[in-house]
Amino acid sequence: MMQRLFLTSTAVFWLAVLGFWIGSLSAPIAQPPAAPSMPDRAIGAAELAQHATPQSCWMAINGAVYDITGYLPDHPSRPQIIEAWCGKEASDAYATKTRGRPHSREADQLLPKYRIGRFAP
């Protein structure tokens, strides 16, 4: 009796595995989202300097310009820390957090969302 129960449950298990495998073959393959297009508009130092307030905060980091106005309230530290860099080239400040520590990998991954062009000093 135990042997028959074991064989039956084993057969049911493998039939279920086979069914899931066959079902997965017919499921559509999810495509990764398309990479957002990166604007290539040239933004000079004079235009960058016009956006030096918390209401319009642009900054240049590593050759790209970012509009981080919408991100200021969400930044983990006080917005005043970032506001000092609005309208300026801030690569060194971003790389060191002005304290010798680099930003996190998450920050690096978030930054492209705010890219609006390339810095052309």
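Just so it is clear, the model here is predicted, and its values are computed rather than measured.
Here the CD1-NE2 distance, from I116 to H51, works out to 7.0 Å after rounding to the nearest 0.5 Å. A distance of 13.0 Å separates CG in D67 from CZ in R115, rounded to the nearest 0.5 Å. Note that the OH atom of Y94 and the CD1 atom of I82 stand 10.0 Å from one another [nearest 0.5 Å]. In this structure, the separation between CZ on R118 and CG on N62 is 15.5 Å, given to the nearest 0.5 Å. Interatomic distance, CG of L72 versus SG of C57, reported as 5.0 Å (0.5 Å rounding). Going from atom CG of L5 over to atom OG1 of T10 covers 9.0 Å, rounded to the nearest 0.5 Å.
Annotation: salt bridge (charged side-chain N to carboxylate O under 4.0 Å, His left out) contacts involving residues 47-56, sequence neighbours excluded, comprise R41-E47.
Of all the heavy atoms in A93 and W85, the pair that sits closest is CB-CE2, 3.3 Å. When every heavy atom of A120 is checked against every heavy atom of A42, the shortest pair comes out as CB-CB, 4.0 Å.
Within 6.0 Å of atom CD in Q3, 12 or fewer heavy atoms from other residues, nucleotides or ligands are found, so the atom counts as exposed in its surroundings.
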Run the numbers on I68 and M59 for side-chain contact (heavy atoms from CB on, under 4.5 Å), then give the verdict.
CA-CA 8 Å; I68 60 163; M59 62 179 61; 3.4 Å; yes
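The aromatic rings of Y114 and Y71 sit tilted, their planes meeting at an angle between 30° and 60°.
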